[in-house]
*Asks:* 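What follows is a single structure, and I will ask about it in a moment.
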There are 2 protein chains.
Amino acid sequence: MTTGPLALICGAGSLPAQVADATRARGRAVFLFPLRGFADPALVDRYPHRWTRVGEFSRVMAEAKAQGCAEIVMIGSLVRPKISDLSFDAGSLRLLPKLIRAWRGGDDRLLSALGREIEASGLILRAAHEVVPEILVGPGPVGALDPTPDDRADIARAAAMLAALGPFDVGQAAVIAAGRVVAVEAAEGTDAMLARVADMRANGRLKLSGRAGVLVKIAKPGQDRRFDLPAIGPRSVEGAVRANLRGIAVEAGSSVIADPQAVAEAADAAGLFVAGVAGPGVSP
Amino acid sequence: MTTGPLALICGAGSLPAQVADATRARGRAVFLFPLRGFADPALVDRYPHRWTRVGEFSRVMAEAKAQGCAEIVMIGSLVRPKISDLSFDAGSLRLLPKLIRAWRGGDDRLLSALGREIEASGLILRAAHEVVPEILVGPGPVGALDPTPDDRADIARAAAMLAALGPFDVGQAAVIAAGRVVAVEAAEGTDAMLARVADMRANGRLKLSGRAGVLVKIAKPGQDRRFDLPAIGPRSVEGAVRANLRGIAVEAGSSVIADPQAVAEAADAAGLFVAGVAGPGVSP
């Protein structure tokens, strides 16, 4: 089943290193394709790799096959690039009209089109957690603290709202406080949404006393997890602390934590809970 | 039917003046209850009035009845105050536990509780547009420009998304560009959401070329229009210009425009459309 090394297209953050390490710990080799401008060079040096640019699909596919890889995983964050910033190789140019059409339809359709192209080239595109399921958040607390029943009621309400947003390919995260959704994430990303909540509390727009509110992060119902697992990391905890939240809830079984040890320590130090919770009935 | 003067509780902005003027133009007297810290003192001097504070429900009800009013309208914006900032008169104090419970449940439930209390006091609470329907935006362009078919497809998608959010009492507005919802309004308000879109375009988080995107504002499906009509005004146009949007769409028949003449002129000067559009099947 595990035929040859795992090809790993690496975006930003520490998750690519976690997936590479976990894969190697399972006795399987990896070959990295770090994306220039996104991936962390310090990670790359520890593994065989070839730097690449967003848009060089054909080159990556050819090199992965030359390295004996049959399976490929994409991991790490990628702020959606501007078409004119991409570098398209000859083989990718023929995909351009298809990708531009998909682009206009939102992330999901773009990525689905990309996934079909990868598979058409003969490689099997896997979700990171299919290869190394140990990276997924399980149910229950990540640090020492647990959400209270009131927190759980808030979390359930925010998760239901995010599920209702799913068909519109908007976002995966929200902040809810005392039953009221106070922020919904769209293109700005989770860190910017948390900063907004901190701002609204500071400027009096949002009147909450003391620790209040939960960051809730859930996979979109139709989300293709081969591209985009909901993720939190130490920066999410920092943002939640600045927004004076009570904690962070991520969907168990379909979310990942970048640097879970650091997340647990930072959450415990700040008195926040970080917990895996059941999602609103998403398929596995 | 129009028994006595109309009592008007006035929040911020120019809408209270529009409603007072339109009511007087219909030959009906008004008596204003401008809210201290919110209402514009310049407006107040033109009409019989009594300054009041948020929380002084009983006093307002008694005074309105003393002035011969049978109907009351609340109009203008009110950033949700902190409970401890309110001044409760003796008659309102007994409502406090009820209001605090409603408060925790979000705007809609708070306002419904307030509406029930007003009606229990013997006054009839009306939506502004029941008294002066001419303040509502009609279908079609407000200025000189019209949305294109692509704009209309974007507007329909955002309106459907906002309708899906309705049960969660989150927001009434979103920004959509080329089929993708890039911002959803929650507690931050429309102006802050537009500023965020401008920031995302400036810092490269959002890659859009030239004029792109539409601000879409729709009544929440269960919204009680006696309290909260979706509203835009000159500041919305300024925000849309800074975010380099193509235009603004508001729900025809259930939205109001503060200072429509200024909105039309500013939109025309900037080359933006402002249009009333059909909502996602909301009840009248």
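Because only heavy atoms are used, hydrogens play no part in the values below, and waters and symmetry mates are left out as well, while side chains stay in. Order of the sequence lines fixes the chain letters, A, B, ..., with proteins taken first and strands second; residue numbering starts at 1 for each chain. From a predicted model like this one, the values you see are computed outputs, not experimental measurements.
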*Asks:* Look at Arg196(B) together with Glu188(A) and state whether they make a salt bridge at an N to O cut-off of under 4.0 Å.
*Replies:*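 Salt bridge present between Arg196(B) and Glu188(A).
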*Asks:* For chain B, find which of Ala158(A), Ala186(A), Gly189(A), Ala192(A) contributes the most heavy-atom pairs closer than 4.5 angstrom.
*Replies:* Ala186(A)
*Asks:* Side chain to side chain contact (heavy atoms under 4.5 Å, CB included) between Leu165(A) and Met161(B): does it pass, once the steps are laid out?
*Replies:* CA-CA 7 Å; Leu165(A) 273 182; Met161(B) 186 214 70; 3.5 Å; yes
*Asks:* Using non-hydrogen atoms only, which part of Met200(B) is less than 4.5 Å away from chain A: side chain, backbone, both, or neither?
*Replies:*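 Side chain of Met200(B) only, per the 4.5 Å heavy-atom cut-off to chain A.
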*Asks:* Can you see which heavy atom on Arg180(A) is nearest to which on Ala187(B), and at what distance?
*Replies:*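 Scanning both residues, the minimum pair turns out to be NH2-CB, 3.9 Å.
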*Asks:* Could you walk me through whether Asp169(B) and Val181(A) pass the side chain to side chain contact (heavy atoms under 4.5 Å, CB included) check?
*Replies:* CA-CA 8 Å; Asp169(B) 189 19; Val181(A) 175; over 6 Å; no
*Asks:* Specify the closest pair of heavy atoms between Ala164(B) and Phe168(A), including all atoms of both residues, with the distance to one decimal.
*Replies:*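 That would be CB-CE1, 3.7 Å.
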